2 protein chains.
Amino acid sequence: MGKKSELLPGTLDMLILKTLTRGALHGYGIALSIKRLSDDVLTVEEGSLYPALQRLLLQGWVKGEWKMTETNRRARFYTLTAAGRKQLSLELSQFEQMIAAIGRVLQDA
Amino acid sequence: MGKKSELLPGTLDMLILKTLTRGALHGYGIALSIKRLSDDVLTVEEGSLYPALQRLLLQGWVKGEWKMTETNRRARFYTLTAAGRKQLSLELSQFEQMIAAIGRVLQDA
DNA sequence: GGGCCATATATAGATTATCTATGGGTAGAG
DNA sequence: CTCTACCCATAGATAATCTATATATGGCCC
């Protein structure tokens, strides 16, 4: 019958940026963090995550740096840039405005 | 710079179905209703609306009937089917679950 | 040493949903 | 007789997600 998306389309970049406000993380860690914070409701598939990170790099909203993890593995750690913080705040306010608007449409009466 | 979508992707079908719980409407009327209830935040473009209505017809979630409007124009009026009501309730609960999950990720701390 | 799981990155291709742009057409007001 | 609001619809572009696949390593168990 067609499975629903694991994510609300259009929210992934915002979720990634927000996750990075808590500190630098590699891609895998970002996905885990979102999954856990959302109580397993939101699952970021690899095929969505890495292209999204490339987009964010290209836009200059995050920067990436290859390092070793605690478990001694090679991984690329992402940090928010100043532009990324600005973008996050923009996306947050647009998102909240939309959710409020949808809420008005979904109200009874 | 690239304009953002006028709609949160993935919510259009739900918005249309919900709008039809208030009574039968033609496509144009649905778009107006969503725009007005949302205080002009949500704009359903024609190129999104009519394909969406075709999808809903195909799924059996709405049925359409050609009639005359109050202003004496030919228009297709859509009504929710029983399956459509069921689908709406499903989409509403999934949406609320997702919004709650996103809310948890967006929380500070 | 061999097998497996969790960790980690990345790309190709398909799918879906939206948008932009365009086309047709009618009623009523001025 | 022209303009605006009303009404439907499709083609093609764009964007964001998914599925599937490929690669590779560290640590654990046997």
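Here is the naming used below: chain letters follow the sequence lines, and residue numbers restart at 1 for every chain. It should be emphasised that the depicted structure is a prediction, and the values quoted were computed from it without experimental measurement.
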- In sequence, state the C-alpha distance, the side-chain angles, and the governing distance for B:Lys63 and B:Thr81, and then conclude on side chain to side chain donor-acceptor pair (under 3.5 Å). CA-CA 7 Å; B:Lys63 57 185 168 58; B:Thr81 62; over 6 Å; no
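- With hydrogens and angles ignored, no donor-acceptor pair under 3.5 angstrom links the side chain of A:Arg76 to the base of C:dT9.
- Atom-to-atom, CG of A:Asn72 to P of D:dG27 comes out at 6 Å; the value is rounded to the nearest Å.
- Between the side chain of A:Thr19 and the backbone N or O of A:Leu15 there is at least one donor-acceptor pair closer than 3.5 Å.
- Of the possible donor and acceptor atoms, one in the side chain of A:Arg104 sits under 3.5 Å from a partner among the backbone N and O of B:Ser38.
- Taking atom CH2 on A:Trp66 and atom C1' on D:dA24, their separation rounds to 11 Å, with Å as the unit.
- Atom CE in B:Met98 sits roughly 11 Å away from atom P in D:dT17 (whole-Å rounding).
- The nearest whole Å value for the distance from the CG atom in B:Leu53 to the C1' atom in D:dT10 is 14 Å.
- Straight-line distance from the CZ atom of A:Arg73 to the C1' atom of C:dC5: 10 Å, rounded to whole Å.
- The side chain of B:Arg55 places an N or O atom within less than 4.0 Å of a non-bridging phosphate oxygen (OP1 or OP2) of C:dT18.
- Annotation for A:Glu6 and A:Thr43: closest pair CB-O, 3.4 Å, computed over non-hydrogen atoms.
- Under a hydrophobic clustering in which Ile, Leu, Val, Met, Phe, Trp and Tyr are joined whenever their side-chain heavy atoms come within less than 4.5 Å, directly or via other members, A:Phe77 and A:Trp61 fall into different clusters.
- A straight line from CG of A:Leu7 to C1' of D:dA15 spans 14 Å, rounded to a whole angstrom.
- Contact annotation: A:Thr69 reaches the phosphate of C:dA8 (side-chain N/O to OP1 or OP2, under 4.0 Å).
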- Quick one: do B:Lys35 and B:Val44 satisfy side-chain contact (heavy atoms from CB on, under 4.5 Å)? Show the steps, please. CA-CA 7 Å; B:Lys35 192 177 178 64; B:Val44 184; over 6 Å; no
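- Residue B:Thr11 has no polar side-chain atom (N or O) positioned under 4.0 Å from OP1 or OP2 of C:dA17.
- Nearest heavy atoms, A:Thr69 versus A:Ala75: CG2-CB, 3.6 Å.
- Positionally, the nearest nucleotide of DNA chain D for B:Phe77 lies more toward the 5' end than for the other of A:Thr71 and B:Phe77.
- Atom-to-atom, CG of B:Leu32 to P of D:dA5 comes out at 12 Å; the value is rounded to the nearest Å.
- Contacts between residues 42-50 of chain A and DNA chain C, defined by a heavy-atom separation below 4.0 Å, involve A:Glu46, A:Gly47, A:Tyr50, listed by number.
- Whole-Å rounding puts the B:Leu25 CG to D:dC8 P distance at 10 Å.
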